Structures are given as C-alpha cells and as structure tokens.
Amino acid sequence: MKKFLQTTLLLILISLTGGLSAQKLTTIPDGGNRKASVSEIIGITKISIHYDRPGVKGREGKIWGGLVPYGYNDLGFGTSKAAPWRAGANENTTFEFSTDVKIEGKDLAAGKYAFFIALTEGGDATLIFSKNATSWGSFFYKPEEDALRVTVKTEKTAESVEWLTYSFVNQTDNGATVALTWEKLKIPFKIEVDLVKTQVASFRSELRNDVGFQWQSWVQAANFCVANNTNLEEALSWADYGISGVFVGQKNFQTLACKASVLNKLGRKVEADALMKEAAPLGNMNEIHNYARTLLREKKSKEAFDMFKLNSEKNPNTFTTNMGMMRAYSAVGDYKKALEFAQKSLPQAPDSGNKVNVETCIKKLQEGKDVN
C-alpha cells in the first residue's frame with residue numbers, strides 16, 4: 001500500500017510539472033553579473049534598455065581587445081563564425097522604441113532589437129541593431145537580420161567604471177545621447193525623435209479612442225499644430241469637431257478661439273477675427289483678459305480696448321478687470337483715465353508681487369508713459 005501511494009504521488013507530480021525535466025530556479029545572473037534596465041521618454045517616445053552588467057573585477061587593461069575582442073569573432077559556440085560583442089553579458093542586450101527614431105541620423109523603426117557592438121583597435125565602434133532580439137548573446141548572430149548599423153567614435157575616460165552601465169545624457173525635447181561606459185571607455189551615440197510627427201500621429205490614434213469623446217482633446221490637438229505650425233488643414237477639421245462634433249462639440253470661448261487661431265495660421269484673418277468676436281462674450285474673466293492682452297501684443301489697440309471694456313462690464317470692479325482697463329486706456333494714450341483704474345487696482349492686489357507691479361504702473365502713468 002505504501003509503495004502504491006509513493007508511485008501515485010510521483011505520477012501526480014510528473015503530471016503537474018509536465019515531466020521530470022529540470023526547472024530553472026530564480027538566481028542571480030551567471031558569473032556574478034548584474035541585471036539592469038534603464039528607460040527614458042523623449043518627447044512621447046519611450047526608449048527602454050535591458051542588459052546584464054559585467055564587472056571589471058581586477059581586469060583593468062584587459063577588457064578592450066581582450067575580454068571584449070576587436071571586430072567579429074568565432075566565439076567557439078553557436079552558429080556564428082563572425083560574431084560581434086553582445087554589448088553586455090549573458091543574454092541579448094535589447095533596445096525597445098515605442099515610435100520610430102533616428103540613431104546617429106539614420107532611421108530605425110519602432111520595435112525591439114538586440115544590440116551588438118564591433119570595436120576596432122583604432123577607436124571606432126560599429127553599433128548593430130538586430131531584428132532578432134530573443135537569441136542568447138551573439139552566438140547565433142546573422143548579419144542579414146541587421147536592422148541598422150552605424151559607426152561612432154569611442155572615448156577614453158579618466159576614471160574606471162566597475163560595472164558596465166548604460167545611461168541617458170544630454171537630453172533635449174527631441175533627443176538624448178546614450179552612453180555605454182565600462183572600465184575606462186565610453187561609447188556614446190545619439191538617439192533622436194521627430195517630436196512633431198510622432199505627436200500628431202499619436203493624436204490621430206488617440207482621438208479615435210475614449211479621449212476623443214471630449215471637446216478638450218480636439219482643442220488640445222489643434223492648438224499643438226498651431227503652436228508648431230504644422231498639419232494645419234487637419235487641425236482645422238479637429239477644431240471644427242471640437243465645436244460641432246456629435247456628442248462632443250461645444251461652442252465656447254476655447255473651441256471658437258482654437259479655430260480662430262488655426263484660421264490665423266492659414267492666413268484667413270477676416271474669418272478668424274469674426275470668430276473671436278463671437279467667442280468673446282462666451283469667455284470667462286481670465287479668458288477675455290488674456291485675449292485682450294494678446295491683441296495688445298499684436299498692436300491692435302482699438303480691438304484690445306473693446307475686449308477690456310467688455311470684460312469690465314461682465315466682471316466689474318475686480319483686480320483683473322481694473323488692471324485691464326488701465327492697460328486699455330494706456331494703449332490709446334489716455335494716461336489720466338488709466339491712472340484712475342491703476343489706483344483702483346492697488347488695494348485689490350492679491351499679493352506683494354502684484355502690488356509692486358501696480359505701483360510700477362502708477363509711477364509710469366504719472367510720468368506720462370505707456371504701461372504696455
């Protein structure tokens with residue numbers, strides 16, 4: 001009976017584990033290396049690097065050209081007879097890009113890639129992005145699977161870095177430099193994104209999803225195009241949808257002002273001005289005030305005066321509207337009337353910074369100077 005139970009338990013164990021084949025336990029990486037990952041978002045593009053970090057471990061001066069051989073080599077295992085370095089330890093180092101990018105000025109499509117490097121004794125490094133991101137190291141490397149190759153210069157460093165490290169440096173809105181550093185060598189290369197192109201493409205996709213059921217999203221997308229002077233015809237259709245889209249559109253100051261800004265960029269200023277006249281009565285105090293300030297910057301003093309006056313009538317005797325009327329009268333040269341509104345504004349100032357600003361305006365007006 002006891003033997004029967006032991007046999008039964010063994011059969012159950014085999015059925016649960018799928019057989020008696022060895023299962024790998026979770027342990028630290030082979031050779032005392034360290035697993036690591038680092039990521040950065042450039043624009044709206046996420047870039048992720050996964051790698052194993054070998055250590056120098058007392059082998060200074062024996063890494064480059066020794067532990068990491070120059071060029072392409074037969075590693076004595078696998079099918080490749082001309083393998084580059086795996087740019088790390090153990091399994092593939094991988095790069096993953098959520099959108100298309102440029103590596104050192106060359107195009108690389110969105111996706112996940114194995115990353116290899118072939119070094120030369122002269123200081124050049126050929127960077128290889130391979131479509132095969134799942135193999136172990138570079139033992140099975142095939143050049144026909146390359147998605148991109150670029151060559152960069154390596155840099156010697158004064159201090160030794162014990163553990164191989166990838167880092168993002170020199171970040172901008174459109175790019176960053178990735179630096180591999182280990183022992184006394186750095187291998188830097190630049191990754192760039194087309195922020196405007198990827199953002200517009202993202203808008204096209206997102207506006208078809210749940211965020212597309214609110215007018216604010218259509219306005220945001222159109223305003224981005226205006227700010228970057230791009231994709232204006234489509235931006236105009238987005239602005240229209242923000243106003244009149246079924247279940248979505250609303251006619252309010254922001255939607256009308258958005259369309260007007262697109263029309264202005266398209267050179268259709270008469271239509272834009274008419275739309276802003278329609279929008280103005282729908283605006284809140286700050287919206288009207290900011291629009292009037294915009295008109296002042298465009299040297300449209302008469303139009304700005306009318307907007308400041310409208311705001312004052314809708315929201316009488318507030319700090320914002322009194323300051324607006326001060327600017328309105330100053331813009332048309334009536335400094336005496338402007339001074340009256342400035343003096344009304346002074347006790348309404350919400351904080352010390354605004355109080356100092358009003359006092360400065362009062363002084364200018366007393367000297368017969370425009371505050372705008």
Side-chain angles (χ1 to χ4, degrees), residues 39-49 95-113 129 131 147-148 150 168 170-178 189-276 279 287 290-291 294 297-298:
S39 64
E40 185 91 356
I41 295 178
I42 303 172
I44 62 168
T45 302
K46 184 175 182 181
I47 301 170
S48 300
I49 309 170
F95 276 68
E96 189 165 6
F97 308 97
S98 65
T99 73
D100 297 349
V101 298
K102 286 183 182 290
I103 309 293
E104 290 291 316
K106 294 186 178 181
D107 293 328
L108 183 62
K112 186 175 183 180
Y113 300 92
F129 292 85
K131 297 173 187 176
L148 177 68
V150 297
F168 290 88
N170 302 326
Q171 294 93 332
T172 68
D173 290 342
N174 294 290
T177 295
V178 171
F189 57 95
K190 190 166 186 180
I191 299 178
E192 296 172 288
V193 301
D194 188 331
L195 174 59
V196 172
K197 180 181 177 181
T198 56
Q199 184 66 84
V200 170
S202 177
F203 286 151
R204 290 190 185 116
S205 175
E206 289 184 290
L207 288 172
R208 299 173 65 182
N209 298 322
D210 55 342
V211 295
F213 287 90
Q214 51 192 19
W215 60 264
Q216 292 91 338
S217 298
W218 299 87
V219 166
Q220 182 182 2
N223 281 337
F224 176 89
C225 294
V226 170
N228 291 278
N229 196 27
T230 189
N231 197 50
L232 294 176
E233 291 294 345
E234 188 171 19
L236 184 60
S237 70
W238 290 344
D240 276 327
Y241 203 82
I243 295 170
S244 56
V246 178
F247 303 125
V248 175
Q250 286 189 28
K251 183 179 285 190
N252 58 39
F253 182 90
Q254 291 184 50
T255 55
L256 294 175
C258 172
K259 181 176 179 180
S261 65
V262 180
L263 290 170
N264 262 320
K265 279 288 186 180
L266 289 168
R268 295 160 62 177
K269 296 188 181 299
V270 174
E271 294 172 74
D273 290 344
L275 205 57
M276 285 310 301
E287 288 170 340
N290 290 333
Y291 173 53
T294 299
R297 288 191 291 271
E298 294 173 353

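Model, not experiment: these values are computed from the prediction. The figures here come from the full heavy-atom set of this structure, side chains too, leaving out hydrogens, waters and symmetry mates.
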Quiz prompt | Heavy-atom side-chain proximity of Trp218 to Ile243 below 4.5 angstrom | solution = no
Practice problem: Using a 4.5 Å cut-off on heavy atoms from C-beta on, say whether the side chain of Ile47 contacts that of Glu96. | Solution: no
Exercise. Look up atom CG in Asp173 and atom CD in Glu192, then write down how far apart they are to the nearest 0.5 Å.
Key: 12.5 Å
Quiz item: Is any side-chain heavy atom of Asn229 closer than 4.5 Å to a side-chain heavy atom of Lys265?
Solution: yes
Exercise. Name the orientation class of the two ring planes belonging to Phe203 and Phe224 (parallel below 30°, tilted from 30 to 60°, perpendicular beyond 60°).
Key: perpendicular
Exercise. Hey, could you give me the CG/CZ distance between Leu108 and Phe97, rounded to the nearest 0.5 Å?
Key: 5.5 Å
Quiz item: Could you walk me through whether Lys190 and Ile103 pass the side-chain contact (heavy atoms from CB on, under 4.5 Å) check?
Solution: CA-CA 6 Å; Lys190 190 166 186 180; Ile103 309 293; over 6 Å; no
Self-check item: Nearest heavy-atom neighbours spanning Gln250 and Thr255
Solution: O-OG1, 2.7 Å
Exercise. Kindly check if the number of other-residue, nucleotide or ligand heavy atoms within 6.0 Å of CD (Glu287) is above 12?
Key: yes
Quiz prompt | Which atom of Leu195 lies closest to which atom of Thr198, heavy atoms considered | solution = O-OG1, 3.1 Å
Quiz item: How many angstroms lie between atom CG of Asn174 and atom NZ of Lys102, to the nearest 0.5 angstrom?
Solution: 12.0 Å
Self-check item: Worked check of side-chain contact (heavy atoms from CB on, under 4.5 Å) between Leu266 and Asn264
Solution: CA-CA 5 Å; Leu266 289 168; Asn264 262 320; over 6 Å; no
Quiz item: Measuring from Glu40:CD to Ile191:CD1, what's the distance to the nearest 0.5 Å?
Solution: 10.0 Å
Quiz item: So Phe189 and Phe95, would you call those rings parallel, tilted or perpendicular, with 30° and 60° as cut-offs?
Solution: tilted
Exercise. Taking Ser205 for its side chain and Ser202 for its backbone only, find out whether a donor-acceptor pair lies under 3.5 Å.
Key: no
Self-check item: Side-chain donor-acceptor pair present, Asp240, Ser237, cut-off under 3.5 Å
Solution: no
Self-check item: Distance in Å, Trp238 CH2 paired with Arg204 CZ, rounded so as to fall on 0.5 Å steps
Solution: 5.5 Å
Exercise. Determine the minimum heavy-atom distance between Leu207 and Ala221, stating which atoms define it.
Key: CD1-CB, 4.1 Å
Quiz prompt | Residue pairs passing the ring-ring contact (aromatic ring centres under 6.0 Å, His included) test where at least one lies in residues 246-268, sequence neighbours excluded | solution = none
Practice problem: Take Asp194 and Asp100 through the side-chain contact (heavy atoms from CB on, under 4.5 Å) test and state the conclusion after the steps. | Solution: CA-CA 8 Å; Asp194 188 331; Asp100 297 349; over 6 Å; no
Quiz item: Residues in side-chain contact (heavy atoms from CB on, under 4.5 Å) with Lys46, at least two apart?
Solution: Ser39, Ile41, Ser48, Ser98
Quiz item: For the residue pair Ala257 and Ala279, what are the closest heavy atoms and their distance?
Solution: N-CB, 4.4 Å
Practice problem: Kindly give the heavy-atom pair with the smallest separation between Trp215 and Asn252, and that separation in Å. | Solution: CZ2-ND2, 3.3 Å
Quiz prompt | side-chain contact (heavy atoms from CB on, under 4.5 Å) evaluation trace for Leu263 with Leu275 | solution = CA-CA 9 Å; Leu263 290 170; Leu275 205 57; 4.2 Å; yes
Quiz item: Do side-chain atoms of Asn209 reach the backbone of Val211 as a donor and acceptor pair under 3.5 angstrom?
Solution: no
Exercise. Can you see which heavy atom on Leu232 is nearest to which on Cys225, and at what distance?
Key: CD2-O, 3.9 Å
Quiz item: When you check the side-chain N and O atoms of Glu234 and Asn231, is any donor under 3.5 Å from an acceptor?
Solution: yes
Quiz item: Roughly how far, to the nearest 0.5 Å, is CZ of Arg268 from CG of Asp273?
Solution: 13.0 Å
